[in-house]
Structure formats: C-alpha cells, structure tokens
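Since the structure comes first, as structure tokens, the remarks are kept for the end.
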Amino acid sequence: MRKKINLLLLTAIMSTPILANVSLPEKDALIKLYIATNGSQWKNKWDLNAPVSKWYGVKLSNDKVISLDLTNNNLVGELPTEIGSLIYLQRLKLTRNAISGNIPETIGNMKMLKIMDISFNKLTGKIPTTIGNNCDLILLELFMNKLSGKLPSEIGNLKRLKKLSLYNNELEGTIPFSVYEMRSLKILLLNSNKFSGKLEKEIANLTQLEVFSLFDNNMDGQI
C-alpha cells in the first residue's frame, strides 16, 4: 500500500511543470508584439520555444509579466492591440526604436503601469483617451514622435504622475484644464508642439513643479 502511495506521489510530482509559465493572454501579447515589430530583425531576439522568463527584456514576478524593456532593440512596425493584455505590467520601455502607427487604446488596460516610455519612435495619431485609466503612472514619456491632435483631458486622471514629457510632437489645441489639477507633477515638458491659447493662472496649482518647458508653440497672452 505504501509503495502504491509513493508511486502516486512521484507521478504527481513528475507531471507538475518544473518551470511555471505566464498566462496564455500575456504570452500571446508578447508573441504578437514580436511578430508585429519584425522580431526576427531585433538586435536581441527571442527564442519563442524557450520559457518567457528567458526572453530578453522580459521580467516576471509570480508568473506575471511586470516589466518589458526593449530599449534600442530595432523594433520596426506597429504596436498590436493585444499589448493591452499585459495587465500586470508595471514598466514599459520601448524607447529608441522605429515603432510607427497609433498608440493602441488597449494601453488603458494596463492599470498597474507605473512607467511608460515610448519616446524616440515614429508614433502618429492621437494620444488615446484611455491613457487616463493608467492611474498608477508616475512617469509618461512620449517625446520625439509625430503624435498629433489635442491632448486628451483624461490625462488629468493621472494624479500620481511626476513627469510628463510630450515635447517634439505635433500636438495642438489648448492645454486641457485638467493638467492644472495634476498636483504631483514635478516635470512638465510640452515644448516644440503646436499648442495654442493661453496659459491659465491655475498653473499655480502645480506647487511641486520644478521644470516646466513650453517654448516653440503657438501660445499667446501673458504668463
């Protein structure tokens, strides 16, 4: 009887995967990103047959993808909508690549995100209103792209944001009033865009502000 129990226990242990893996939606999102950005030409490629924990730039915690850093890795193409399935992601760094197209609206699904840096790319279109769902963001850097349209008022939902860098884009319209309520901001870089209108007196609400850049826009009126 004891031998039979031991055999059953051994069988159970052998059938349990030694290396646990991430959920299928998260793994699928990473694979879709790899394919959509010409992964076969990346500087540091992924072996899709290896465990996700071995993939370059991917960091896991408790079998969840919490960080994705593919800085300067020759990503060429557009971000897939499936990237929003990385719902446990806290850090997203895709800076200094050749990513084009729009920022997917599904980016708002990443509600645990603290750092988002997609600067120095070729992004176009508007900043999605769903950016306001990323309420844990501390740093948001989208500078040196070709983003256009108005800055969505939903940006003001990012009450924990300390740094907002949007310079060198083609953003236009007035600065939404909600920006003046982002009291945690320490760095606000909006220069080299097409913003118009005037700077509201409520800018005084940003008492934590240390760096504020607004040059090379179409704004008028007094400071």
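The figures that follow rest on heavy atoms only: side chains count, while hydrogens, waters and symmetry mates do not. What you see is a predicted model; the values in this text were computed from it and never measured.
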Any [X] side-chain heavy atom under 4.5 Å of [Y] side chain:
{"X": "Arg183", "Y": "Thr207", "answer": "no"}
{"X": "Asp216", "Y": "Asn193", "answer": "no"}
{"X": "Leu60", "Y": "Ile66", "answer": "no"}
{"X": "Met144", "Y": "Asn169", "answer": "no"}
{"X": "Leu142", "Y": "Leu147", "answer": "yes"}
{"X": "Leu214", "Y": "Leu199", "answer": "yes"}
{"X": "Ile103", "Y": "Leu123", "answer": "yes"}
{"X": "Met112", "Y": "Ile87", "answer": "no"}

> For the rings on Trp42 and Tyr34, is their centre-to-centre separation under 6.0 Å?
Replying inline: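 That pair passes the under 6.0 Å test.
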Side chains of [X] and [Y]: donor-acceptor distance under 3.5 Å anywhere?
{"X": "Asn218", "Y": "Ser196", "answer": "no"}
{"X": "Ser153", "Y": "Ser178", "answer": "no"}
{"X": "Asn145", "Y": "Asn121", "answer": "no"}

How long is the straight-line distance from [atom2] of [Y] back to [atom1] of [X], given to the nearest 0.5 Å?
{"X": "Leu79", "Y": "Leu94", "atom1": "CG", "atom2": "CG", "value": "6.5 Å"}
{"X": "Asp117", "Y": "Arg96", "atom1": "CG", "atom2": "CZ", "value": "9.5 Å"}
{"X": "Ile115", "Y": "Leu92", "atom1": "CD1", "atom2": "CG", "value": "10.0 Å"}
{"X": "Leu139", "Y": "Lys93", "atom1": "CG", "atom2": "NZ", "value": "8.0 Å"}
{"X": "Met182", "Y": "Ile155", "atom1": "CE", "atom2": "CD1", "value": "5.5 Å"}
{"X": "Ser213", "Y": "Leu190", "atom1": "OG", "atom2": "CG", "value": "8.0 Å"}

Minimum-distance pair of heavy atoms, taken over all atoms of [X] and [Y]:
{"X": "Asn109", "Y": "Gly84", "result": "CB-O, 3.2 Å"}
{"X": "Asn217", "Y": "Ser192", "result": "ND2-N, 3.9 Å"}
{"X": "Leu75", "Y": "Asn97", "result": "N-OD1, 2.9 Å"}
{"X": "Leu188", "Y": "Leu206", "result": "CD2-CD1, 4.4 Å"}
{"X": "Pro176", "Y": "Pro152", "result": "CG-O, 4.1 Å"}
{"X": "Val65", "Y": "Leu30", "result": "CG2-CD1, 4.1 Å"}

Enclosure of [X] [atom1] (heavy-atom neighbours >12, cutoff 6.0 Å):
{"X": "Lys159", "atom1": "NZ", "answer": "yes"}
{"X": "Lys162", "atom1": "NZ", "answer": "no"}
{"X": "Glu154", "atom1": "CD", "answer": "yes"}
{"X": "Lys45", "atom1": "NZ", "answer": "yes"}

Treat each ILVMFWY residue as a node, draw an edge where side-chain heavy atoms are under 4.5 Å apart, and state whether [X] and [Y] are in one component.
{"X": "Leu151", "Y": "Leu161", "answer": "yes"}
{"X": "Ile138", "Y": "Leu185", "answer": "no"}
{"X": "Tyr180", "Y": "Leu209", "answer": "yes"}
{"X": "Tyr56", "Y": "Leu48", "answer": "yes"}
{"X": "Phe212", "Y": "Leu140", "answer": "yes"}

>> If we ignore hydrogens and angles and just use 3.5 Å, is the side chain of Trp55 paired with the main-chain N or O of Ala50 as donor and acceptor?
In response: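 Looks like yes, one N/O pair under 3.5 Å.
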> If only atom types and distance count, is the side chain of Thr174 paired as donor or acceptor with the main-chain N or O of Gly197 below 3.5 Å?
Replying inline: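 No: the side chain of Thr174 does not pair with the backbone of Gly197.
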>> Under the criterion side-chain hydrogen bond (donor to acceptor under 3.5 Å, both in side chains), I'd like the reasoning laid out for Thr106 against Thr81: C-alpha separation, chi angles, the key distance, then a yes or no.
In response: CA-CA 6 Å; Thr106 54; Thr81 58; 5.4 Å; no
> So which pairs with a foot in residues 123-134 pass side-chain hydrogen bond (donor to acceptor under 3.5 Å, both in side chains), sequence neighbours left out?
Replying inline: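 Sorted result for residues 123-134: empty, none.
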>> Working note: Lys198 + Asp220, criterion salt bridge (charged side-chain N to carboxylate O under 4.0 Å, His left out); need CA distance, chi angles, decisive distance, verdict.
In response: CA-CA 5 Å; Lys198 62 180 181 179; Asp220 54 24; over 6 Å; no
> Please walk me through it: do Asn72 and Lys43 pass side-chain contact (heavy atoms from CB on, under 4.5 Å)?
Replying inline: CA-CA 8 Å; Asn72 194 25; Lys43 291 181 181 179; 3.3 Å; yes
> Passes side-chain contact (heavy atoms from CB on, under 4.5 Å), Ile187 versus Leu164? Steps please.
Replying inline: CA-CA 6 Å; Ile187 300 175; Leu164 178 59; over 6 Å; no
> Which residue pairs pass the ring pair (Phe, Tyr, Trp, His ring centres under 6.0 Å) test with at least one member in residues 67-125, sequence neighbours excluded?
Replying inline: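 Applying ring pair (Phe, Tyr, Trp, His ring centres under 6.0 Å) to every pair that reaches into residues 67-125, excluding sequence neighbours, yields Phe120-Phe143.
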> When you look at Glu172 and Lys150, which way does the salt bridge (charged side-chain N to carboxylate O under 4.0 Å, His left out) test go after all the steps?
Replying inline: CA-CA 5 Å; Glu172 60 186 17; Lys150 295 183 178 181; over 6 Å; no
> Run the side-chain hydrogen bond (donor to acceptor under 3.5 Å, both in side chains) check on Glu26 and Ser23 step by step: do they pass?
Replying inline: CA-CA 5 Å; Glu26 288 178 276; Ser23 67; 2.9 Å; yes
>> For a side-chain contact (heavy atoms from CB on, under 4.5 Å) check, start with the C-alpha distance between Trp46 and Ile31, then their side-chain angles and the critical distance, and finish with the verdict.
In response: CA-CA 9 Å; Trp46 289 345; Ile31 292 173; over 6 Å; no
> Between Leu137 and Cys135, is a side-chain contact (heavy atoms from CB on, under 4.5 Å) present by the stated rule, with each step listed?
Replying inline: CA-CA 6 Å; Leu137 272 177; Cys135 295; over 6 Å; no
> What do the steps show when you test Asp136 against Arg160 for salt bridge (charged side-chain N to carboxylate O under 4.0 Å, His left out), and what is the final call?
Replying inline: CA-CA 6 Å; Asp136 280 347; Arg160 299 181 181 181; 2.8 Å; yes
